[in-house]
Participant: 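Below you'll find the structure I mean.
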Amino acid sequence: MSTRSTVDNALASGWFGAGLTDAARAHLADMAHLTSYPIGEVVIREGQAIDSLAVVVEGRLALRLNVPGRGAVTVLTIEPGDVIGWSALIPPHRATSTIVVLEPTSVVELEGAALRARLDEDPILAAAVLWRLLDAVARRLSATRTQLLDLFAQPDREPW
Amino acid sequence: MAQAIASTNVPRWLPADQLDRLIDVLRADGRTIIGPTVRDGAIVLAEIQGAADLPAGRGDEASPGRYRVTQREDSRRFDHAVGPMSPKRWTFPPRAPIRLGRRTSAGVRFSGVDPRPTPRPTPLAFIGVRACELAAIKIQDHVFLDGPAVDGDYRARRASAFLVAVECATPTSTCFCTSMGTGPEVTTGFDVVLTELDDGFIVRVGSPAGVTVVDALSLSPADGSAMKAAEAVVAGARDAMGSPMNMENVHEGLQASPEHPGWAAVAERCLSCTNCTLVCPTCFCTSVVERSDLDGSISTSERTWDSCFNEGFAKVAGGSFRPLVKDRYRQWLTHKFSTWWDQFGSSGCVGCGRCIAWCPAGIDVREELAVIGGVGPVPMPQLSVVAAATEAPVTISPGSVPAAFVTVHVDGSSRETADTMTLHLSTTDRRLLAGRPGQFVMATLPAFSAAPISISRFRSDGLDLTIRAAGPATRALTELERGSTLGVRGPLGRGWPVEEMTGRDVVIVAGGVGLAPLRPLIDACLAERDALGAVRIYLGARTPTDRLFVEEVGRLALRMDIEVEETVDRAGPVWLGRVGIVTQLFDHATWDGRNAVAFVCGPERMMQATSEVLFSRGIDVDRTWVTLERNMSCGVGLCGHCQLGKFFVCKDGPVFSLAELGPAFTTDGL
Amino acid sequence: MTASAPRRRARTRRFEVEGLTRVEGEGSLRIVIRDGEVIEAQLGIFEAPRYFERLVRGRTPDEVLDIVARICGICPVAYQMSAVHAFEDGVGIEIDPAVRALRRLLYCGEWIESHALHVYFLHAPDFMGYASAIELARDHRVLVERALALKKAGNHLVALIGGRPIHPVSVRVGGFYHTPTRAELTALRPELTAALDIALETVAVTTELNTPDFSREPRLVSLRHPTDYPMNEGRIVSTDGLDLAPTDWERAFAEDQVGWSNALQARTHAGDVYLLGPSSRITLAGDKLHPRAAEALAQSGLADEIRRNPFRSIVARAIELVHATAVAIDIIDDYRPPERPATPWNPGPGTAAWATEAPRGLLFHTYELDEEGRVATARIVPPTSQNQAAIEADLTDFAPSVLGLPHDEATHRFEQLIRSYDPCISCATHFLDLRVEDRR
Amino acid sequence: MSPTARRSGRRRPRVGVVKFASCDGCQLTLLDLEDDLLAIAERFDIVEFPEATSRRSAGPFDVLLVEGSISTEEQLEELLRLRRESTTLVTIGACATAGGIQALRNWSEHGPWAATVYPRPELIESLAMATPVADHVTVDAELRGCPIDPQQLLELLTALVVGRRPQLPDESVCAECKRRGATCVVVSQGTACLGPVTRTGCGALCPVYGRGCYGCFGPRNDANVVSLIANTAGLDDSVASTRLAGFTAWAEPFRSVIDDHGGPPGAKP
C-alpha cells in the first residue's frame, strides 16, 4: 500500500510528472496508487479493455504486437517517466499492444474512469495532463514513423 | 627569366605564308601539333600537319542548340570562335588507364598510382588557343595540381604542352567571356600569342619556352600600323559581345535558391544528355571503369569522363542523392557559377558558350542565371578569374594525400552480422598507421571498383576495416580470408576533431554500421578518459542480430566511467533490451548538453533526427559532428562524385559539423 | 541432337529432328519412308513470323535499309545490298565508282564472316566427328583459332565500313553516310593477307574431308557479271539457259504454295526446283573467280563434284573465302575515297527491284513506292526459301543411300545434308510452320 | 556463387543460349567474340546453344541468355519452362528486352497484317503481339541493343565469372559521342537524332558515322522524349513517330509517344 506522498514523489521523479504544477500533481496523486510487476508479467494484452493510465517509475516494459507467422514483435520498450495505457483516456478503451515486463517495474497507476471524470470537471488539470499525454503520443508517433523507414535496412540486392 | 622575356618581348611580325615555319619549329621539338581544322561540319581540334590544315577562310556561327561552319570572304585561319572541342581532350583525355591491378601468387598488386603519370606522354603544341581556353586550362591546373591530391596523368600531359594562343576576332552569339572576365584579350598563361591580320601575324611571347621558339624564327619587329590593326581586332571582339552580364550576386544567389521554381522549369527542357558538361573545358568529373580478363586476375582501371547529369553519378547502395533531373541541373549550374568559388577560389565558367551551342535542346545558361541566380544585364566591374584563383580559401599542401594503392594483408576477420565483417589488416605503411579516427580508405581488389571503407580501429601494426556487403565489391572484400591481400589507398578525408573533446562531455550516437568509424573515436575517449567529462554512447541497430562489436560494447557497458545505452528498431520476444529508435535513448535524458560535443554516424535521416534532439538538449550545431556518405569514388577530391554543395565529402569531410553543413544537410537532392 | 526414337510401323521409317542444330534460326526435319520409298521429305521452319514485308510499308527507302538488315543477323549486308541497289535502280541514281567498290568490299567482309562461320562452326564439325567447333578446338585448337581469325577479318571489314559487324549503319541510298579513309582501310591489309593464307588452307582442309557419295544434276541459278564474280551486280542465269536482268526475277520464278506443303517455296514458273549458293556461283561464274581462287579451285580438282555433290559445297565456300579475301585486298589497294559519300536524290513513286548474291545465294527484293517515295508493298525472296524445295528434293534422292545405316546415323546424315546448303532460317521472312499441317 | 568459390573452380557455370523471334544476330555476337570465345568456352560449360553445337540440354542453367521476343503460344510455354530451369536469366538484344522491330505489329490488327505476307494467314501460329521477355518472366539482367555490343556481352560474362556487377551504364548516347570526339549531328546539321534519350552501349556508332541515332539500344531511364521533340532540331512532331518506331518502339516512354503521334507509320492496313 502506497502512501500519497510516495505516489507524489514517484510521479515527480519522472519526465511525465516533473513538469506538472504541485497542485496538478497532488490531484493526480489523490487518485493514484503504486503497482509493481515482476519480470515476465503480462500487464495487458492487445485488444483487452484497459481501465488505467500508468506512469512508469522504475523498470522496463515491452510493447509487443503479435504477427501471425512471425510471433511477438517488440516495437517499443518503455522507460521510467513514460506512460502506458493512454487508451484508457481514449475510446474504445482497448489496449493497442501487449505489454510485457522486461525488468522489475513499478508504475503509478491512475484509474481510467475516475481520471476521465476528473479531467472532464477540471479543464486546467486536463490541459496540463493532456499536453503531457499528447507529447508522449506524438513522440511515439514520430519514432514509429522513423522505424517505418527501416533506415538500417539493406537496400535491395541485385543478383550479382 | 622574366628579364629575358621582357628583353625579347618586342612584338614581331610573321607573314601569313610563313605560319608553317612556326609549326615546323614546334614539330622539330618532337611535338604533335593540335589545331583547329574543319571536320564533319565543325571546326574541331585535331592533329594537324601544317598550316594548310587550318580552316582558312572559314568561320562559324553559333546560337543555342545550333552551330554551323561558314565561308568567309578573307582567308584568315583563326577568324572563328571555339568549336565543340577544347584542349581538355588532350590534357585530360576522355579515357585514360590509371592503374593496373593483378592477382599474383604473392597477393594482389597495384602498379602505378592513381592517378599515374603517363610515362612520357607525347609532347603537344596547341595552336589557336583562345583567352577563354587559357582561363579554362588555368582552372583545371588548379583543380588537378594544387589540391591535396595531384592528378599525375594531367600533370605529365600538361607539363609538356606548348600553348600558341590567338587573339579572338569574331565571337559568336554564344560567347560571354567578357561577363566572366576571361577575355577576349589574351593576357596570361600562354607561351606565344598571335594576332591575325590579313597578311600576317603579330607574334608576342609569354614564357621562356615561347622566347626560345620565337627566337628560332628570327622575325623582324612588327610595324606600328600592324600593331594598331591588332588592337582593333581585339577591341572589335569585345564590342561584338555587347554588354557583359552582372555576375556580382550569382555566388550567393544560386546557393540561396535551392528551391527556386526555375530548376523544375529548366528540367522540363533539359535532356540530361551530358553534352554541356562534356563540351565544357573545365568540367572534370570522372568515373573509373574496370576492364579485366575473364577471371579478374588482371584488371586495368580506366578513368573515364563522366557527368553530374547521369543518374548513376551520385548513386550509393541505397539510391541516388540527386534522383531528379532538376537536382542535377541545379548541381551543375550551382557548381559552375557558385560553389566552384568556395572550392577553388574562382568561377568554374570561362564564358566560352559551348554549353549553350552544343545543348541539343538549346538551353542557354545565361537565361537560367537571369531567372534563378538574379543575374542582370548591367555592366559591372569584372571579376578576374586568374587573380581570384590565387586566393584559394583553403590552406593545403599539394600532393599531401596518398595517391597509391598499397597492398595490405588480411590477418583475420571477425563476423559482425550476417552481412558485415571486420577485416584485421596488417601493414607497415606509416601513413596508414598514422591515420586519425573518422578517416577512411578506398579498398579494392583487381576487377572490382574501389569502395570507401571506414577505418574501425588503429593498431600499432595495422588497422581494422568493418565492411558491410552492400554490393559485389564490398561483398568480395567481406569474403577475404586470412592470408589474402587487398589494395588500400588512404588514410583519406578529415576525421573526427578529437581535440574538441578535451574538457567536455562527449556524446556519441551511432546507427547501424555507423558505429564502425566511431570506434576509433571511442578508443581515443578511453585513452584520454581523464581529460574528458562524461562520456555517453548511444547505439541503435535494426535488430539485435544487426549490432556490431557486441562483446566489446558489452565490456564498455560494464565500465563505470562510461554510459552505454543500446536500442534496436525491432526485436523478437527473446530480446530483453531496449526497442525504439536511437533518439529515444536520450530525448528524455536529464543531462545538460551545453558543455558537450557530439559525434554522430548513421543513415542520413537518422543523423538528422538525432541532431535535432541533440540541439534540444543544448548541443549547438558547431559542436555536433556527423560523418556523411556520398558516392566517393576516387576518395581524393578529383572525380567529383561526392559533391555536396560546396564540399567534396571525401576531401573536405566526411566529418562535418552541422554548422559547416548548414542547410545543405537537409536540402533534398543536393 | 534430339532425334526421336523411330516409330516402327509396318515398313514405315520416320526420321525426325525436332530442332535442327548448327543452322541459323529454328527448323525441323521430317522424312517418312514407306516400302523403301520416300513419301515425304520436309524441311520445316518454325521460326516465328516477323512480317518484314508488312513492317516496311510506309517507310522511306533509307529506313527500309535499316529494317531489312534485321531479317538476318548473319547476312544483314546482303539485305541492305539488294534493297539499296533496288532503290537506286528504281529512282535512277548514278553511283560513284568508289562507292560501288566500297559496297563490294563491304559484301566481301560479309561473305568472309558468313562462310567462315558456316565452314568451321556449322558444317566442318559434322565431317570431323564433333558436336561443335568448341569441341573441335579441344583437339584442333590451332585450326579453330585460325578459323576465328579468318572470321574476324571479315567482321573487321564490315565493322570498318559499316560501323559494326552485325546490322551495320553506314549504307544509304546514293552511297554511304560515312566512308573510310584510305589509311583506315590499308590498316586492315595485314589482317586480310593473313586471312588469305587461312582461306587457302581452308580449301586444302575442306578438300580432304571425307564426303558422303551423292551425285545428282541440279538446276543451278546465280548472277553472272561480264567482268566480276557475282556479288552486287549481274544478270540472273541458270544451268538451263536462263538469262535475265537482276530486276526481272519474277519473270522466271514465283513463290507459291505447293499442294502438299504449307511452306511458301520459290520455283520456276514451270514448277521446277532450283538451287542457289556457292556451288551455283562456281558452276555458273567460276571463270570470273579471282586468280588466287581460280587456282585453288583448279588445284582441288573438284569443280565438277562441287556442282553434283551438295556435300562438297563446303569446298565451294572455301574457294569463295579465297576469292572474297583476295578481292578485298585488291579493292583496298585501289581504293580512293569517293568525292562525296552519297549522291543526293529525290524521293518519288516507282518500282524498285534487284537481286544480289548473299553468301547463301541469290536474294531478290522488289518494292512499290508511293507518290511520296514510301514503300507501298514489298516482296523479299531470301535464298533459303528458294532453296527449300531443292533441298527437299535432294533429301528424297539421298535417302535410299542411307537407309541401311542405323537410325541415328542416318538422321545425322540427313542433318548434315541440310547443313550443306547453309539454310539461313532466320532469313526466311515468310516460311510457314510445317507442324500445323493437317496430314492424313 | 561467391568470387572465391568461382575461382576455386569447383564447377563451371552451365550456360544456355536460346532464341525466340529474332534474327540470330545477338547470339551470333557471342561467336563474334573471336579473341575470347575459346577462353569463354573454358570458363563456362555451354550446354545449350543450338546455333553452335549439336549437343542439347533442357537445363538446368546457371546462366541463360535469351534472344528474341515472344511471338507464339509455344514460345511462351517454352520461356516459362526455361525460367524455371535458370538461376540467372539475361535477355540479350532489343527483341528480348523491348520486343524488337516485330513489335511494330502490336499497334495493328494482327489478321490483316499476316494476310499481307501470307496467302493463307489462318495457318500462321502467331500471337497478336510480339512482346519482351520481361512481360512474362522475371529478368535478372538485360543487354540492350540491336544487336548487342560484343564488349558489353564480354563485360557481362566477365562480371558473372568474377562475381561483380556488370558495368552497363545508363547514360545517353551523347556521352559516348562526346568522348569519341564526334560532332553533334543535331547541332551542326539539324539531323534528327535519338541520342539524348537513348542508352549508350553502341559507342555512339551512328553519330560517329554522320547520321542520327535511331534508338536501337532503347530509352534510358531519364529519357525526356517530349523535350527532345519539342526542342531539338530535326526531330519535330512530323517525324517523331517514324523515328521512335524502330527496334525498341515498344519500350516506354517511346511507346507512349508513338501512341500520342498516332502510331507508327504503316500501322493501318
Side-chain angles (χ1 to χ4, degrees), chain A residues 13-19 39-40 42 55-56 59-67 70-83 97-105 132 135-136 138-160, chain B residues 315-319 417-420 448 468-476 510-515 540-544 546-548 565-590 602-610 612-613:
Chain A
S13 72
W15 155 84
F16 187 88
I39 290 182
V42 176
V55 179
V56 179
R60 184 182 300 160
L61 303 129
L63 301 193
R64 288 186 181 163
L65 297 173
N66 208 39
V67 186
R70 263 201 269 167
V73 176
T74 303
V75 293
L76 190 67
T77 50
I78 300 293
E79 306 274 318
D82 211 342
V83 292
S97 60
T98 301
I99 300 177
V100 180
V101 179
L102 299 181
E103 286 174 13
T105 294
R132 316 300 286 165
D135 186 303
R139 279 171 198 259
R140 221 171 276 180
L141 173 66
S142 159
T144 305
R145 283 179 180 168
T146 309
Q147 274 174 303
L148 267 180
L149 294 176
D150 202 7
L151 292 172
F152 306 134
Q154 175 80 291
D156 285 343
R157 286 210 181 175
E158 290 155 87
W160 307 105
Chain B
K315 221 169 195 167
V316 295
T417 73
D419 60 7
T420 305
F448 289 88
R468 178 156 82 161
T474 43
R475 191 173 64 230
V513 284
L515 180 54
R542 187 170 187 237
T543 70
D546 289 318
R547 292 175 301 145
L548 299 186
E565 304 284 2
E566 259 190 292
T567 184
V568 297
D569 263 6
R570 68 200 60 177
V574 180
W575 173 252
L576 298 180
R578 289 191 176 83
V579 176
I581 60 166
V582 69
T583 50
Q584 287 178 321
L585 293 174
F586 51 92
D587 67 353
H588 285 160
T590 49
E604 212 137 296
R605 187 68 183 71
M606 165 259 170
M607 292 198 290
Q608 288 166 11
T610 299
E612 274 162 35
V613 179

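Per chain, numbering begins at 1; letters A, B, ... match sequence-line order.
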Participant: Side chain from CB out, backbone as N, CA, C, O: work out which of these in B/D546 comes under 4.5 Å of a heavy atom of chain A, or both, or neither.
Facilitator: neither
Participant: So what's closer than 4.5 Å to chain B heavy atoms on A/A62: side chain, backbone, both or neither?
Facilitator: neither
Participant: Tell me if a side-chain donor or acceptor on A/T105 pairs with a main-chain N or O of A/R60 at a distance below 3.5 Å.
Facilitator: yes
Participant: With chain A as the partner, which of B/G577, B/G572, B/G602 has the greatest number of non-hydrogen pairs under 4.5 Å?
Facilitator: B/G577
Participant: A/L63 and side-chain contact (heavy atoms from CB on, under 4.5 Å): which single residue from A/L76, A/V73, A/T77 fits?
Facilitator: A/L76
Participant: Which atoms of A/I39 come close to chain B, meaning under 4.5 Å heavy atom to heavy atom: side chain ones, backbone ones, both, or neither?
Facilitator: neither
Participant: Answer yes or no: is there an ion pair linking A/R139 with A/D82, defined by an N-O contact shorter than 4.0 Å?
Facilitator: no
Participant: Among the options B/A571, B/G511, B/A609, pick out the one with the most heavy-atom pairs lying under 4.5 Å from chain A.
Facilitator: B/A571
Participant: So do the side chains of B/I581 and B/T567 get within less than 4.5 Å of each other, counting heavy atoms only?
Facilitator: no
Participant: Most heavy-atom pairs under 4.5 angstrom with chain A, which of B/G514, B/P603, B/G580?
Facilitator: B/P603
Participant: Got a second to check how far A/T74's OG1 is from A/L61's CG, nearest 0.5 Å?
Facilitator: 11.5 Å
